[in-house]
Amino acid sequence: MALKTSDTYMSSESLENTDWSPRSSSERILMLLKMHGKLTAAEIGENLGITGEAARQQLARLERDGLTLASSEPSGVGRPTRLWKLTAAGHARFPDTHAALTVQILDSVRTLLGEAALDRIIARREDETRTHYKAAMAGRFGLKDRVAALAELRSAEGYMAGWRETGDGGVMLVENHCPICAAAASCQGFCRAELSVFRDVLGPDASVERTEHLINGGSRCSYIIREANA
């Protein structure tokens with residue numbers, strides 16, 4: 001099932017209304033890989049309205065620039081499927097707002113005030129986020145409805161979030177970008193707080209498990225969400 005996204009990040013066309021505007025074929029390929037994690041050249045060609053071979057040529061150029069990387073994965077009978085993904089340099093093409101300044105401030109807080117002070121700052125941010133999300137979810141009761149609301153909130157904050165049903169009764173929430181990636185890499189308390197907020201706002205009847213983590217080498221952050229009693 002296709003990933004459901006908010007209007008803010010529904011397509012490359014809508015993204016052209018934001019500060020970062022993918023217009024060339026190579027930029028659109030980077031955006032597709034950012035939004036989907038891994039794709040074949042044929043899938044990219046279909047999305048762009050070009051042939052798979054033309055997409056492969058573009059991907060090869062991006063690979064020479066260090067922005068994409070191909071890997072082969074088993075696909076049953078026949079030759080392995082060749083999948084393309086972004087490298088770390090490819091992910092870096094998407095903005096991490098004020099990254100250097102943020103990391104410098106975090107390092108200063110840690111050095112001058114200690115780790116406990118940094119933990120209090122993260123806790124305060126966690127409380128404020130939880131309050132905001134709970135208010136925004138008023139009237140959203142079903143699990144899928146609440147996950148959809150959470151995806152909308154996260155997309156509005158720059159996480160390029162979407163969701164889809166997993167086919168086994170669960171829901172997958174995907175965040176294709178992390179606008180605070182540098183801060184999270186410097187202090188993973190941000191990621192722990194984020195997971196705690198998700199569990200709180202989705203309610204005690206929801207089970208939330210992070211299955212892919214950008215900070216730990218994943219191509220994005222993914223969460224499997226199920227009814228706790230399922």
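Y133 and R154 share a side-chain donor-acceptor pair at under 3.5 Å.
Between R82 and S72 the shortest side-chain heavy-atom distance falls below 4.5 Å. Contact annotation: the side chain of E194 approaches that of F198 to within less than 4.5 Å [non-hydrogen atoms, C-beta and beyond]. Using a 4.5 Å heavy-atom threshold, the side chains of T166 and V171 count as separate. Side-chain contact between F190 and L106 is present, with at least one heavy-atom pair separated by less than 4.5 Å. Proximity of L67 to L33: side-chain heavy atoms (C-beta onward) are nowhere separated by under 4.5 Å.
Side-chain atoms of S222 do not come within 3.5 Å of backbone N or O of V174 as any donor-acceptor pair. At least one donor-acceptor pair under 3.5 Å links the side chain of N47 to the backbone N or O of E43. Checked by atom type and distance alone, the side chain of S155 pairs as donor or acceptor with a backbone atom of A151 at under 3.5 Å. Without hydrogens or angle criteria, T87 side chain to L69 main chain gives no donor-acceptor distance under 3.5 Å. In this structure, the side chain of R146 engages the main chain of V201 through a donor-acceptor pair within 3.5 Å. In terms of modelled atom types and a separation under 3.5 Å, the side chain of R199 and the main chain of V208 share a donor-acceptor contact. Within the 3.5 Å criterion, the main-chain N or O of V103 finds no donor-acceptor partner in the side chain of S186.
Classification of K134 and D200 as a salt-bridged pair fails, no side-chain N sitting under 4.0 Å from a carboxylate O.
Taken from CD in E175 to CE in M160, the straight-line distance is 11.5 Å, to the nearest 0.5 Å. Put simply, CD1 on I225 and CG on L173 are 5.0 Å apart, with the number rounded to the nearest 0.5 Å. In this structure, I180 CD1 and E157 CD are separated by 9.0 Å, a value rounded to the nearest 0.5 Å. E53 CD to Q58 CD: the interatomic distance, rounded to the nearest 0.5 Å, is 11.5 Å.
When all heavy atoms are compared, the tightest approach of I44 to A55 is CG2-CB, 4.1 Å. For the pair R220 and E212, the tightest heavy-atom approach, listed with the atom from each and the gap, is O-CG, 3.2 Å.
Across H132, R124, R125, R130, a single residue satisfies side chain to side chain donor-acceptor pair (under 3.5 Å) together with E128, and that is R124.
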